[in-house]
Amino acid sequence: MTTSPRTVMRIYFHAQEPDEELYEQLLALLEGITPRVQPHSADWSADVDLTGALRYWKRDAEGLAAVIRLRALALYGVQTSAGIGPSRMVAAMAAALSPPGSVTVVGNSPYDIAAFLRPQRAAALPGVGPATAKSLSRYGIYSIGDIADTSLTTLQRLLGATRRPTDPHPLPQPRQPPRRPIGSSPFRLRRAPLRR
């Protein structure tokens, strides 16, 4: 038995008047396709694992996204945009490039993934914020492809990655038990009298 490559979709719902009840109905629509749905209510999106649903519905990923788009539009009047790829990160990056009413599909082969990622700007990569992107651009590194072509040691030197980030809200330290002299025990030992 061969296993299907993983296929993940990030879908955005573009509602005219967003409300919690409508979002729950749209999530139920997705769960009617596959039970593997991870909602992101902050931006009205969801990650959907389509791997098993593709075989069940006998469609490719783009066809299944079209079914979801048509159902959301017909039943709720909500336009969608989606990105499909072999991982949540790639799917999210593809969805960010998709205008409402469209789908961006990234294939599962290493060539397709590299062809999609290499021209993307460095700031599109999760974890690369504006300050890091600005630092990289000073050295001529503008795209994910430029990052991939730069050695790890060079990137560490440029970004100072050997430093550990400090957390402004550190976890509380566990309470230390009181110190006892060596040889003492926290348990009281009672000696039983010797019987003769």
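Since the model is a prediction, treat every value here as computed from it, not as a measurement.
Put simply, CD on Gln25 and CZ on Phe13 are 11.5 Å apart, with the number rounded to the nearest 0.5 Å. Between the CG atom of Leu97 and the CD atom of Gln120 there is a distance of 5.0 Å, given to the nearest 0.5 Å. Note that OG of Ser143 and CZ of Arg121 are 11.5 Å apart. Values are rounded to the nearest 0.5 Å. With rounding to the nearest 0.5 angstrom, the CZ atom of Arg10 is 8.0 Å from the CD atom of Gln38. The OH atom of Tyr12 sits 5.0 Å away from the CG atom of Asp43 when rounded to the nearest 0.5 Å. Distance OG/Ser87 to CD1/Ile113: 7.0 Å, rounded to 0.5 Å.
A continuous path of Ile, Leu, Val, Met, Phe, Trp and Tyr side chains, each step under 4.5 Å between heavy atoms, connects Trp57 with Val103, placing both in one hydrophobic cluster. Both Leu125 and Leu158 are members of a single hydrophobic cluster when ILVMFWY side chains are connected at heavy-atom separations under 4.5 Å. In terms of hydrophobic clustering, with Ile, Leu, Val, Met, Phe, Trp and Tyr side chains grouped at heavy-atom distances under 4.5 Å, Val105 and Ile33 are assigned to a common cluster. Residue Val37 is grouped with residue Leu22 when hydrophobic side chains (ILVMFWY) are merged at heavy-atom distances under 4.5 angstrom, including chains of intermediate members. Hydrophobic cluster membership is shared by Ile68 and Leu54, with clusters built from Ile, Leu, Val, Met, Phe, Trp and Tyr side chains linked at under 4.5 angstrom.
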Kindly list each side-chain donor-acceptor pair under 3.5 angstrom involving residues 70-79, sequence neighbours excluded, with atom names and distances?
none

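Smallest separation of non-hydrogen atoms from Ala65 and Ile84: CB-CD1, 3.8 Å. When every heavy atom of Pro5 is checked against every heavy atom of Thr51, the shortest pair comes out as O-CG2, 3.7 Å. Counting all heavy atoms, side chain and backbone alike, Ser98 lies closest to Ser81 at O-CB, 3.5 Å. In this structure, Leu50 and Met9 approach most closely via the heavy-atom pair CD1-CB, 3.8 Å. Contact detail for Ile144 and Leu117: the closest heavy-atom pair is CB-O, 3.3 Å. Annotation for Ile147 and Ala122: closest pair CD1-CB, 3.8 Å, computed over non-hydrogen atoms.
When the shell of 6.0 Å around CD of Glu62 is examined, it contains 12 or fewer heavy atoms from other residues, nucleotides or ligands.
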- Should Leu159 and Leu136 be marked as a side chain to side chain contact (heavy atoms under 4.5 Å, CB included) after you check the CA-CA gap, both sets of side-chain angles, and the distance that decides it? CA-CA 8 Å; Leu159 300 174; Leu136 290 171; 4.0 Å; yes
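Judged purely by atom type and a 3.5 angstrom limit, Thr154 has no side-chain atom pairing as donor or acceptor with the backbone of Thr150.
Residues Ser45 and His40 have side chains in contact (heavy-atom distance under 4.5 Å, counting atoms from C-beta outward). The shortest side-chain heavy-atom distance between Pro126 and Met93 falls under the 4.5 Å cut-off.
Centroid-to-centroid, the aromatic rings of Tyr23 and Trp44 come within less than 6.0 Å.
Donor-acceptor pairing under 3.5 Å is lacking for the side chains of Thr132 and Ser135.
Asp149 and Arg118 are joined by a salt bridge, as a carboxylate oxygen and a charged side-chain nitrogen come within less than 4.0 angstrom of each other.
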